[in-house]
Amino acid sequence: LMMLTKKLIEIRSILMSIDHNETLKLPSIVVIGSQSSGKSSVLEAIVGHEFLPKGSNMVTRRPIELTLIHTPNQEEEYGEFPDLGLGKIFDFKKIQKTLVDLNMAVSESECVSDKPIELRVYSPNVPDLTLIDLPGYIQISNRNQPETLKNKIEDLCEKYIRGPNIILAVCSANVDLANSPALKASRKWDPLGLRTIGVITKMDLVPPQVGAAILRNTDYPLHLGYIGVVCKAPENVTDGNMTRALIKSEESYFRSHLIFNQRDIQVGTSTLRHKLMNVLEQSMGKSLYSIVDAVQRELEEARYQFKVQYNDRRVTAESYVAETMDCLKHDFKDFANNFGKPQVRHEVRTMLEQRVLDICAEQYWCDPKIAELPKASSEDIYWLYKVDFASAALTKSGIGRSTTQLVVDVLMNNMERLANAESFSYHPETRNQIMKFTSEILRTKFLATSDQVENTIKPYKFEVEVTDSEWNDGVKRSISLLEKELEMCDEMANSIKNSVGKKKLKSAINYVLDSEKEESRRQERVEDAMYQDEEEEEEVVKSFYNPKLLEKAKDAIYLRDRAMILKYRIAALKSRQCKSSENKQYCPEAFLNVIAEKLTYTAVMFIQVELLNEFFFQFPREVDNRLVYEMDRRQIQQFARENPPIQKHLELQERKMKLEEVMDKLNYLVKRQADRQSSSNNN
Ligand code: GDP
C-alpha cells in the first residue's frame with residue numbers, strides 16, 4: 001500500500017525541480033505551531049534523530065522541505081541537501097549545523113525567507129513522508145522580534161497551509177487551545193477541519209484528565225483528530241538510540257494512566273507516524289487522478305512548444321560548448337593562416353621606417369647646415385660622423401624589444417577581435433580567460449624572442465655592408481617615404497589654410513615673421529645695451545591677433561619650412577650623388593632605410609620562429625586544456641545557460657523530459673491502482 005506514497009513522493013520531487021508550478025502540486029504535510037510548542041521535538045521524534053536548529057532566539061528562518069525516504073534493506077541512515085551538493089551526510093549533528101548556517105544566512109533585516117531548504121533523510125527507520133517545517137509563530141513581539149517579523153511568519157505559513165497540503169497543528173497541552181495560533185490559522189484555511197491533524201505536546205505537563213479532555217476535542221473538532229505525545233527524550237541518551245528511548249518513556253507514561261487507553265483517544269509518537277502515513281497516502285491517492293490530468297496537459301503543452309519553437313531539435317550543453325570552442329579554433333586557424341611572415345614584415349617595416357623618419361628629422365632636417373650637405377667635401381668629418389651617429393641611433397634603439405612588442409601587440413589585438421566574436425558575447429568570463437592565457441603564452445615567449453632578435457642584429461651595430469641593388473632599393477623606398485611625408489605636410493598645411501582662410505593666415509604669418517625679426521633685433525639691442533650699460537625702455541606692442549590664430553600661423557610656417565626641406569632632400573636623393581652607397585653620408589635617408597630593411601628581415605625571421613609558430617601551435621591546445629577539458633558538468637551547464645536562447649531551449653527540453661518521466665511513473669501507478677481495484681472487485 002505504501003508504494004503509492006513512495007512513488008508519489010519521488011514524483012513530487014521531480015515536479016518541484018521543474019518549477020514551482022501551482023498546478024502540479026502533490027500534497028505534503030505542513031508543520032505549524034508557536035515557538036516552544038514542541039514542534040521540533042515532534043519532528044525529531046518522527047525522524048528519530050536530533051537534527052533541527054534549536055535555541056532560545058528564533059533560528060528557523062526558512063521553510064525546511066523534509067523528505068523522508070524509507071530504505072527497508074539498508075542499515076545506514078543519512079541526510080542529503082540536493083541543492084548544496086554536499087553528498088551523503090551521516091552525522092546528524094552536521095545536518096543540524098548546516099541547517100543553522102543556512103538559516104543564519106538569511107539577513108536580520110529580511111527576518112524570514114520563503115525560499116525553502118530541501119533536505120532528504122534516508123533511513124530504514126523513517127516512513128515515506130514529506131514534511132515542511134515552518135518558522136514557529138511568535139506570540140508577543142518585542143525589541144528583538146518586531147511586529148513585521150510576526151506578520152512575515154504568518155504570511156509564510158499561510159502560503160503553505162493551503163490545500164491539498166495536510167496541516168499538522170502543534171499545540172502544547174499546557175497552553176489553552178483557544179490561544180493556539182496554529183489552530184487559528186488552520187481554521188482559516190480548513191474551516192471544516194478536514195485536513196488538519198492536531199498534535200498535543202507536553203502531555204506530561206498537565207494532569208491526565210485535563211490532557212484526555214483536550215484530545216477528545218469537543219471544542220474544536222478536527223476530522224482527523226488530536227494525538228497526544230510526550231516528546232521529551234530522557235537525558236543521557238546517545239544519538240542512535242533516541243527514538244527507542246523516547247518511545248519507551250512515552251509509552252510508559254501513557255500506559256501508566258488508564259484514561260489514555262480508552263478507544264476514542266489517540267496517543268503516542270508511533271500512532272502519530274502511522275496516522276501521518278495513512279493520511280498522506282489517502283491524500284496522495286485522491287490527488288493521483290487530478291495530477292495525472294494536470295501533468296498530461298503540461299506535457300502536451302511542452303511538446304507542442306518544443307515542436308513549434310525548436311522543430312523538435314535537441315541541444316545539449318555539451319554540444320553547445322563544443323560548437324562554441326570549435327568556432328573559436330576555426331577563427332583562430334583562419335587568422336593564423338593569414339598572418340604569416342609578409343604580414344609581420346609589413347608591421348615591423350612600417351614601425352622601423354617611422355623610426356628612420358624620426359631620426360632624419362631630428363638629426364638632419366633640423367640641422368641649420370642641411371642646405372650645405374650636397375656641396376660638402378667628401379672628407380668633411382662632420383657629415384661622416386653624423387651618418388654613423390644616425391645609423392647607431394637606429395641599430396641601438398632596442399630593436400629586439402620593440403619589434404617583439406609590436407608583434408605581441410598585433411597578436412593581442414587580433415585575439416581580442418576573435419574573443420569579441422559574437423559567439424562569446426554571452427560569455428564575458430570565458431572571453432577574459434581567453435585573453436588571459438593568450439597574454440600568458442606570449443609573455444613566456446617574449447624575453448627569449450627579444451633577446452634572440454637583439455643578438456642576431458648585433459653585427460649591424462658595427463658594420464653594414466650594402467650591395468648595389470640593396471642601395472638602389474633603399475633609395476627608391478626613401479624617396480617614396482619622403483614623398484608621402486611631403487604629401488602629409490601639404491595636407492596639413494592645406495587644412496590649416498582652409499580652416500583659417502588664406503588671407504587671414506597670410507597676414508598672421510607675416511605678423512609672426514615680423515615679430516620674430518623684431519624679437520631678434522630687440523635681443524641684439526638688449527645685448528648691446530648690456531655692454532653699453534644703458535637701459536632702454538621696453539616697448540610692448542599688444543597684438544590684435546588671437547593667440548589661437550598665431551599658434552596656427554606658427555604651425556603653417558613650420559610645415560612650409562619642412563615641406564621645403566623635404567622637396568630639397570627628395571631632389572638630393574634623385575640626384576647623381578645618391579647613385580652609389582659610397583656616398584652614403586650625402587644620402588642618410590637611403591642609408592638608414594637600407595639598415596631598416598636588413599633589421600626587418602632579421603628580426604622577423606626570429607620572431608616567426610620563436611614567437612609566432614609557438615603561439616599558433618600552443619593556443620588551440622590551451623583552448624582545449626583550459627576551456628574544454630577543464631569544465632566539469634556544472635560549468636558546462638553554466639556556460640550554456642549564459643546564452644539566453646540556449647538556456648530557454650534547454651529549459652523547455654528539460655521540462656518536457658521530466659514531465660515525460662513523471663508521466664511514465666504516473667501511468668504505472670494508475671495501472672496498478674486499476675489492477676488492484678479489479679482484483680478486489682473479483683474477490
Ligand atoms: P519548538 O520551538 O516548537 O520547536 O519547541 P521545541 O521542540 O524546541 O521544545 C521547546 C521546549 O519544550 C524544549 O525545552 C523541549 O525539551 C520541551 N519539550 C518538548 N516536548 C516536550 C514534552 O513532550 N514534554 C516536556 N516536558 N517538554 C517538552
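We count ligands from 1, going down the list as the structure has it; atoms in each ligand are counted the same way. Values below: every heavy atom of this structure, side chains too, minus hydrogens, waters and symmetry copies.
- Under a 4.0 Å N-O distance rule, the pair Glu301/Arg303 does not qualify as a salt bridge.
- Looking at Arg12 and Glu65, a side-chain N of the basic residue comes within less than 4.0 Å of a carboxylate O on the acidic one, giving a salt bridge.
- Ligand 1 has a nitrogen or oxygen under 3.5 angstrom from a nitrogen or oxygen of Lys39.
- Listed by atom number, the atoms of ligand 1 under 4.0 Å from Ser36 heavy atoms are 1 (P), 2 (O), 3 (O), 5 (O), 10 (C).
- The distance from ligand 1 to the heavy atoms of Ser34 drops below 4.0 Å at these ligand atoms: 3 (O).
- Protein heavy atom at the shortest distance from atom 24 (N) of ligand 1 is Asp204 OD1, 2.9 Å.
- With respect to atom 5 (O) of ligand 1, the closest heavy atom belonging to the protein is Gly38 N, 3.1 Å.
- Near Leu205, the atoms of ligand 1 lying under 4.0 angstrom from a non-hydrogen atom of the residue are 26 (N).
- Counting only distance, with no hydrogens or angles, the side chain of Arg195 and the backbone of Ile161 share a donor-acceptor pair below 3.5 Å.
- For atom 14 (O) of ligand 1, no protein heavy-atom neighbour is found at a distance under 4.0 Å.
- Taking every non-hydrogen atom of Val230 and a distance limit under 4.0 Å, the qualifying atoms of ligand 1 come out as 23 (O).
- Salt-bridge formation is detected for the pair Asp101/Lys97: a Lys NZ or Arg NE/NH1/NH2 atom is positioned less than 4.0 Å from an Asp or Glu carboxylate oxygen.
- When non-hydrogen atoms are compared, ligand 1 lies under 4.0 Å from neither the backbone nor the side chain of Ser172.
- Between Leu68 and Val47 there is a side-chain heavy-atom pair separated by less than 4.5 Å.
- Regarding atom 19 (C) of ligand 1, its nearest protein heavy-atom neighbour is Ser41 OG, 3.3 Å.
- Of all protein heavy atoms, the one closest to atom 25 (C) of ligand 1 is Lys232 CD, 3.4 Å.
- Residue-environment remark: OH (Tyr304) stays at or below the threshold of 12 foreign heavy atoms within 6.0 Å.
- The aromatic rings of Phe260 and Phe254 stand perpendicular to each other, their planes meeting at an angle above 60°, with 30° marking the opposite boundary.
- The aromatic ring centroids of His427 and Tyr320 lie less than 6.0 Å from each other.
- Looking at heavy atoms from C-beta onward, Phe90 lies in side-chain contact with Glu76 at the 4.5 angstrom threshold.
- The shortest contact between atom 18 (N) of ligand 1 and any protein heavy atom is with Lys202 CE, 3.7 Å.
- For atom 4 (O) of ligand 1, the nearest non-hydrogen atom of the protein is Ser40 OG, 2.4 Å.
- Not close to ligand 1: Gly33, with no non-hydrogen atom less than 4.0 angstrom away.
- For a threshold of 3.5 Å applied to N or O pairs, the pair formed by Cys231 and ligand 1 contains at least one separation below that value.
- Within the structure, ligand 1 lacks Gly136 among the residues with a heavy atom less than 4.0 angstrom away.
- Note on Glu654 versus Arg314: no salt bridge recorded, every NZ/NE/NH1/NH2 to OD/OE distance being 4.0 Å or above.
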